[in-house]
> 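So that we are looking at the same thing, I have put the structure below in structure tokens.
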Amino acid sequence: MSSVSSPSIELSSYRDQHFKGSRGEQDKLLRLTTTLYVGNLSFFTTEEQIYELFTRCGDVRRIIMGLDKYKKTPCGFCFVEYYNREDAENCLRYVNGTRLDDRIVRTDWDAGFIEGRQYGRGKTGGQVRDEYRTDYDSGRGGYGKIVAQKFLN
């Protein structure tokens, strides 16, 4: 069986800096995984909406919502795990770059979900990128948290 390489399913240059292992081990897992990282979600997007969109590419094993580590509220990302690699590849081809809840969804390979990774890594509990955002984004909580703190002080 020959493998057809597509730019939409190749590994991106992003690597999880908190991965426990070598770059080679992470790359090997990324080439075999059925798990995707999904970013740029609205804080108001529900698990049901994600399920509805992502099952169009195949059978979803589970969805793990990204949560603010302090408030335990959605913070704009999730992990989607498929039963097989082909369905995950189809998702990268057809769902990445589409609109969900009026936002452009970004998907990328993930080396596999490990408990604890569902929490935001920012200082304030959410995603790091939302702390420094200078624009107003109602779907992601308004202004960036560090920028908003400057307005309050």
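Heavy atoms only: backbone and side chains are in, while hydrogens, waters and symmetry mates are out. Count residues from 1 along the sequence.
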> Going through the checks in order, is the side-chain hydrogen bond (donor to acceptor under 3.5 Å, both in side chains) test met by D108 and S12?
CA-CA 7 Å; D108 201 355; S12 72; 2.6 Å; yes
> For residues 42-55, which residue pairs pass the salt bridge (Lys or Arg N to Asp or Glu O under 4.0 Å) check, not counting sequence neighbours?
E52-R56
> Would I64 and C78 count as a side chain to side chain contact (heavy atoms under 4.5 Å, CB included) here? Give the steps.
CA-CA 6 Å; I64 300 105; C78 73; over 6 Å; no
> Any side-chain heavy-atom pair from E89 and L92 closer than 4.5 angstrom?
no
> If only atom types and distance count, is the side chain of N40 paired as donor or acceptor with the main-chain N or O of V105 below 3.5 Å?
no
> With a 4.5 Å heavy-atom cut-off, do Y37 and F77 have their side chains touching?
yes
> Please answer: with hydrophobic residues joined when any side-chain heavy atoms are less than 4.5 Å apart, are Y51 and V95 in the same cluster?
yes
> Are T46 and M65 close enough, and set up right, to give a side chain to side chain contact (heavy atoms under 4.5 Å, CB included), and what steps lead you there?
CA-CA 9 Å; T46 65; M65 296 297 289; over 6 Å; no
> Under 4.5 Å between any side-chain heavy atoms of F54 and V38, yes or no?
yes
> Shortest non-hydrogen contact from G58 to Y82?
O-CE2, 3.8 Å
> I'd like to know if the side chain of R106 and the backbone of G97 have a donor-acceptor N/O pair within less than 3.5 Å.
no
> Run the side chain to side chain contact (heavy atoms under 4.5 Å, CB included) check on L100 and L41 step by step: do they pass?
CA-CA 8 Å; L100 177 63; L41 297 173; 4.1 Å; yes
> Just by modelled atom types, is the G112 backbone N or O under 3.5 Å from a matching donor or acceptor in the D110 side chain?
yes
> For residues V60 and I63, determine if any side-chain heavy atom of one lies less than 4.5 Å from a side-chain heavy atom of the other.
yes
> How close do Y94 and C57 get, heavy atom to heavy atom, and via which atoms?
CB-SG, 4.5 Å
> Verify, without hydrogens or angle tests, whether S22 (side chain) and E25 (backbone) share a donor-acceptor contact under 3.5 angstrom.
yes
> Who pairs with E81 by side chain to side chain contact (heavy atoms under 4.5 Å, CB included), at least two apart in sequence or on another chain?
T34, T35, R61, R62
> Nearest 0.5 angstrom please: S13 OG to E10 CD, how far?
12.0 Å
> Could you please spell out the steps behind the side chain to side chain contact (heavy atoms under 4.5 Å, CB included) verdict for R31 and W109?
CA-CA 8 Å; R31 283 191 284 278; W109 293 116; over 6 Å; no
> Side-chain contact test, heavy atoms from C-beta onward, threshold under 4.5 Å: evaluate it for P74 versus T45 and give yes or no.
no
> Does R15 have any side chain to side chain contact (heavy atoms under 4.5 Å, CB included) partners at least two apart in sequence or in another chain, and if so, which?
L11, Q17, R23, Q26, D27, L30
> So which atom in D16 and which in H18 form the shortest heavy-atom distance, rounded to 0.1 Å?
OD1-N, 2.9 Å
> Applying side chain to side chain contact (heavy atoms under 4.5 Å, CB included), name anything that partners L29, two or more places apart in sequence or on another chain.
F19, A111
> Above 12 or not: heavy atoms from other molecules or residues under 6.0 Å from CD of Q49?
yes
> Kindly write out the residues that satisfy side chain to side chain contact (heavy atoms under 4.5 Å, CB included) with L32, not counting sequence neighbours, or none if the list is empty.
K28
> What residues, two or more places apart in sequence or in another chain, satisfy salt bridge (Lys or Arg N to Asp or Glu O under 4.0 Å) together with D59?
none
> What I want to check is whether the side chains of D87 and N90 have a donor and an acceptor closer together than 3.5 Å.
no
> Kindly assign one of parallel, tilted or perpendicular to the pair F79 and F113, based on the angle between their ring planes and the thresholds 30° and 60°.
tilted
> Which heavy-atom pair separates C91 from L36 by the least distance, and what is that distance?
SG-CD1, 3.5 Å
